[in-house]
Amino acid sequence: MSQLVPDLTTLLAPLSDGMSLAIPPDYSGVALAATRALLKRGVRDLHLIAVPQAGLQADLLIGAGCVKLLEAAGINLGEHGLAPRFTAAMQAGELRMRDATCPAIHAGLQAAEKGIPFMPLRGILGSDLLRVRPDWRVIDNPYGENDPIVLIPAIRPDVALFHARMADREGNVWVGIRRELLLMAHAAQTTLVTVEEIYEGSLLDDPALAAGTIPALYVTRVCEVPGGMRPLGFENEPSDEAQLARYASAARSREGFNGLLREWLA
Amino acid sequence: MSQLVPDLTTLLAPLSDGMSLAIPPDYSGVALAATRALLKRGVRDLHLIAVPQAGLQADLLIGAGCVKLLEAAGINLGEHGLAPRFTAAMQAGELRMRDATCPAIHAGLQAAEKGIPFMPLRGILGSDLLRVRPDWRVIDNPYGENDPIVLIPAIRPDVALFHARMADREGNVWVGIRRELLLMAHAAQTTLVTVEEIYEGSLLDDPALAAGTIPALYVTRVCEVPGGMRPLGFENEPSDEAQLARYASAARSREGFNGLLREWLA
Amino acid sequence: MNSLSYTEEELMACVMARLLRGLRHVAVGALSPLPASAALLAQALEPSLQVTILGSRKHLRFTDGGRELFDCAAQGRIDAFFLSGAQIDGQANINLVGVGDYEKPDRRFPGSFGSAYLYHLVPKVILFRQEHTPRIFVPQVDFISAAGVSAPNVYRPGGPQHLVTGRAEFAFSEGQFRLVSTHPGTDAAAVRAATGFEFESAASVPSTPAPAPEELMALRGKVRAAVSEIYPAFATRAFAAPKA
Amino acid sequence: MNSLSYTEEELMACVMARLLRGLRHVAVGALSPLPASAALLAQALEPSLQVTILGSRKHLRFTDGGRELFDCAAQGRIDAFFLSGAQIDGQANINLVGVGDYEKPDRRFPGSFGSAYLYHLVPKVILFRQEHTPRIFVPQVDFISAAGVSAPNVYRPGGPQHLVTGRAEFAFSEGQFRLVSTHPGTDAAAVRAATGFEFESAASVPSTPAPAPEELMALRGKVRAAVSEIYPAFATRAFAAPKA
């Protein structure tokens, strides 16, 4: 079902302008090399879904004008502070935002995973999130009495894009405990993955590795891109803090952002 | 939080008469040695929940009169056919049954895992299961129009009991791809586990093993019981087909069942 | 072996396998040796078909526990599934629960398993039952484990499309079975006598095509070997040994 | 270091750690060095406390992906959590979204993260904010990321119980903050002047007990070392180096 492809252009071909794109948080597995390839190609009008939050990747896409709608529980650069292009775009009223809370995004993806239209969720009541999210409904819990409960509609991304440790030639992808990536693959129509390395043999034949593997059934295309998350960290490899600090500082202005982007895409 | 205990009596102390007890299917990890210990102790009035189906273990508990209410999507002895004591008890009108369908039991446990009162589920409409399960409600999908959908209430077992490959001394339990066991542990108040062996070191420190591990946070007590699933199979170890065939044949009569039980508990 | 050069199971496996042509992914439940054989036969003849078999180690590529089959079906990633019934009626309702009163049944069966769900969500459900008698094929089942048809407003991307028995093949559409073919050695009249529900049939009903040589070769070779790993007793009984 | 023999962060960590006594399990969100320090200090003094820290490898014993923290809280397995706010008001509403119009805010913050959920489900939520000014502690937040109080019919096993700032400790109950103590070097009047919302306070408000020697020893030893792995810059800034 899935296929190993030789380059990022082929990997990203299924992602068209206007699609919804789910991306993982910076601490998981961010396909940043693939994101640079998207920026070079000039993707447009994305509905970007952070699962459930995002950082550098989202800020790059927003800064480059690729995002028409953003759904996230939070956008920042971690220890490097605010995400400058997100902040600027919001304060300029240039970005449509669907604020969320982390478990609501997980729940929406789980609803898609289960093929159900919505998932109930506790909490949230009294938050202004309900005001800005008319798609989150409140019903009276049929199993309670006078017990309001929030419903979160299913989130079915057109594409999920992430970076992982390894894939085998069947297209199975090992993510270990990073099971939000498995959830994204289950929920999305199309799943595109960059990996550090190719595993020879089948990941599903090893009982230990199988437990952390996304079966090829859910993986559309895979591309081997060692270091494909840089300058973000991955597993035990730390982030390139100097580069991130440089970004956080430069991207405060549009000119600074454009200059750094030219450099990064060169 | 969890503790390694030296014997089955201590392992099973938290399980009292009248509690709800969740057990896995025969192909997963059945704690059969622990079940024999329960039968010796003479547990009573269990609300037995098969996740989502069961075989020998359920038939033994039913035959020995330990079960007052059974919730399951199916009870049989696999290739050895009908579960004789279940069948006899039902046909004698002696067992209260809550028939289910597999995904509804998974969904009910997932609702408990998420701390939500219910989970919607597609399918089921038109089935007589809705007639015998008044706790499964049908509502109009708030995200549709004239679109009935079934709600499954949360299943929160008092106790989950199963067998797994290994545990470490912190109480983490490795189950590999058998993630219905993880779901049971998340959903249950108390989780009791027998394991083939003790793993020296922490299962969570190995990235490959961590992906298939239930953290100690969800595990109440663990006991090392090599072969604790016999005569059922486990992982690559096959079932003892001769013993199962003997059971399937002997348990057709109450006398045969009692005789075999005396032998198995000796 | 009967007087024909193939067993009834072999013929049924061939008929069921032919219904899988062109699909991407078929799943087979636990304790279903005949569907497993059909799926593996279809795959042997058309290797692009992915086959998932519950109870198999080799043919089960799931990593999310017991729920994954059901979630996978709801995601639209399973094209076909097989279901059977202790009773099956003319509206394609199936009964896996019991005969008689629910609380104190005359005969109690194991239970509905995943049928009530998968019957609605898998686009092509193939019903099968080797025994073809009025005891199985009844006017109305005593308990509906899974309903054959639904009201138009019910979300139902899936449902029954075919029924394969030891005597015949039927198609199911618009709430009714239609006799497609009768297996060699029987005819429409005999099938009607053995069936407790009404069904449509043309004036002349063709005979089910016998297994082709390549089907039998695959069945008795590759498929038999694979099925033996999961269902050794069935493989010995159902398949003729391959010619040396 | 100020003229006292401990930093403001050290005092806050001690005050927050004392609120965790007797608990089984405290969780700390990402990018929360002060709560992480408090949790690790509490554990150093009471080893039975389990500490979960998002963003840490060593102190994160989860295996079910990003959702596990939230499911775990809903299961009642997390006793305490820390939340902060860009604005916090007198009803303990917190704002992590923005100031001004939602569509085109004057100032936009990162977002609500898990607050709207965890605030309702974790029994003891401890609010914290080192900066104690009327800019933070406002009469009414511009956007309620998570509500401090709920109607009686709302399912809410959790909620705010404490607020620790760089100047004082408050308790929250029955919809109102009460000043518990003021940190050494300030007093109730100064705290009131720095706070934009009304709060209760006794005629005489005690001074927050300074860090005890065993607290400081643990903080500057074990806790500093552990926090350094996750937040090296914070550890250098916030903790005095241990005495050689």
Side-chain angles (χ1 to χ4, degrees), chain A residues 24-25 27-28 50-53 72-76 78-79 82-83 86-94 96-97 99-107 109-110 121-132 141 144-149 175-183 211-212 236, chain D residues 29-31 33 54-55 57 60 62-71 73-74 93-98 100-121 141-158 231-234:
Chain A
Y27 59 74
S28 187
V51 181
Q53 65 200 62
I75 303 286
N76 66 17
E79 290 174 85
L82 293 177
F86 162 73
T87 310
M90 287 299 296
Q91 291 176 180
E94 290 168 1
R96 269 177 63 211
M97 179 74 186
D99 267 283
T101 181
C102 306
I105 291 182
H106 296 302
L109 291 168
Q110 281 186 280
L121 200 63
R122 288 301 191 180
I124 304 173
L125 294 160
S127 166
D128 280 334
L129 289 172
L130 284 173
R131 182 166 57 76
V132 303
N141 169 17
E145 249 180 72
N146 189 20
D147 174 21
I149 188 164
V175 297
I177 60 165
R178 295 265 54 108
R179 287 185 84 88
E180 60 278 355
L181 302 177
L182 176 100
L183 175 60
N236 291 316
Chain D
L31 294 177
L54 296 195
R57 268 166 223 287
L60 190 62
F62 284 161
T63 60
D64 204 24
R67 68 174 174 248
E68 186 168 358
L69 170 71
F70 307 101
D71 290 353
N93 297 309
I94 63 178
N95 174 8
L96 295 159
V97 162
D101 179 49
Y102 176 72
E103 304 287 344
K104 191 171 180 303
D106 301 325
R107 287 168 62 215
R108 170 71 207 199
F109 313 123
S112 304
F113 294 96
S115 66
Y117 182 82
L118 295 170
Y119 214 22
H120 287 235
L121 292 167
V141 297
D142 284 43
F143 185 99
I144 301 175
S145 281
V149 293
S150 298
N153 63 319
V154 167
Y155 174 84
R156 184 159 193 177
Y231 304 109
F234 173 84

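Just so we're on the same page: letters track the sequence lines, and every chain starts at 1.
- Contact of D:Arg67 with chain A is made through backbone and side chain together, with heavy-atom distances under 4.5 Å.
- For the residue pair D:Ala74 and D:Tyr117, the shortest heavy atom distance occurs at CB-OH, 3.2 Å.
- For chain D, the nearby parts of A:Asn236 are the backbone and the side chain; heavy atoms of each come within less than 4.5 Å.
- Considering OH of D:Tyr119 and CZ of D:Arg156, their distance stands at 7.0 Å, rounded to 0.5 Å.
- Of the listed residues A:Gly78, A:Pro103, A:Pro24, the one with more heavy-atom pairs under 4.5 angstrom with chain D than any other is A:Pro103.
- Panel note: side chain D:Asn95, backbone D:Gly98; a donor-acceptor pair is recorded below 3.5 Å.
- Here the straight-line distance linking atom CD1 of A:Ile105 with atom CG of A:Leu121 works out to 11.5 Å at 0.5 Å rounding.
- Closest approach of D:Ser145 to D:Val97, counting heavy atoms only: OG-CG2, 3.6 Å.
- In this structure, the side chains of D:Tyr155 and D:Leu121 come closer than 4.5 Å at one or more pairs of heavy atoms.
- Of the two parts of D:Phe62, only the backbone, made up of N, CA, C and O, holds a non-hydrogen atom closer than 4.5 Å to a non-hydrogen atom of chain A.
- Between chain D and the residues A:Thr101, A:Ile177, A:Leu82, A:Leu130, the largest count of heavy-atom pairs under 4.5 Å involves A:Thr101.
- Of the possible polar contacts, none joining the D:Asn93 side chain to the D:Ile144 backbone as a donor-acceptor pair under 3.5 Å is found.
- Proximity to chain A (any heavy atom under 4.5 Å) is restricted, for D:Arg57, to the side chain, taken from C-beta onward.
- Using the six-membered ring where Trp is involved, D:Phe143 and D:Tyr102 have ring planes that are parallel, under 30° apart on the 30 and 60° scheme.
- Residues A:Ile124 and D:His120 have side chains not in contact (no heavy-atom distance under 4.5 Å, counting atoms from C-beta outward).
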| Worked verdict on D:Arg108 versus D:Asp101 for salt bridge (charged side-chain N to carboxylate O under 4.0 Å, His left out) | CA-CA 10 Å; D:Arg108 170 71 207 199; D:Asp101 179 49; over 6 Å; no

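- For A:Arg131, the part lying under 4.5 angstrom from a heavy atom of chain D is the side chain only.
- In terms of heavy-atom pairs under 4.5 angstrom with chain A, the leader among D:Pro33, D:Ser115, D:Pro105, D:Gly111 is D:Pro105.
- With a 4.5 Å cut-off on non-hydrogen atoms, A:Ala89 does not touch chain D at all.
- Taking chain A as the reference chain and counting heavy-atom pairs below 4.5 Å, the highest number among D:Ser150, D:Ala147, D:Gly66, D:Ala233 is found for D:Gly66.
- Contacts between D:Phe109 and chain A at a heavy-atom distance below 4.5 Å involve the backbone alone (N, CA, C, O).
- Within the 4.5 angstrom heavy-atom criterion, only backbone atoms of A:Ala92 (N, CA, C, O) approach chain D.
- Within the 4.5 angstrom heavy-atom criterion, atoms from both the backbone and the side chain of D:Asp64 approach chain A.
- Both the backbone and the side chain of A:Leu125 have a heavy atom closer than 4.5 Å to some heavy atom of chain D.
- Residue contact with chain D, scored on non-hydrogen atoms closer than 4.5 Å, involves the side chain of A:Leu183 exclusively.
- Interface summary for chain D: among A:Asp99, A:Leu129, A:Thr87, A:Ile75, the most heavy-atom pairs under 4.5 angstrom belong to A:Asp99.
- Using a 4.5 Å cut-off between heavy atoms, A:Glu145 makes no contact with chain D at all.
- Residue A:Gln53 touches chain D through its side chain alone, counting heavy-atom pairs closer than 4.5 Å.
- At a cut-off of 3.5 Å, with distance as the only test, a side-chain donor of D:Asn153 or A:Asn146 sits close to an acceptor on the other residue.
- Heavy atoms closer than 4.5 Å to chain A are found in both the backbone and the side chain of D:Ser112.
- The structure places CD of D:Glu103 at 9.0 Å from CZ of A:Arg96, a figure rounded to the nearest 0.5 Å.
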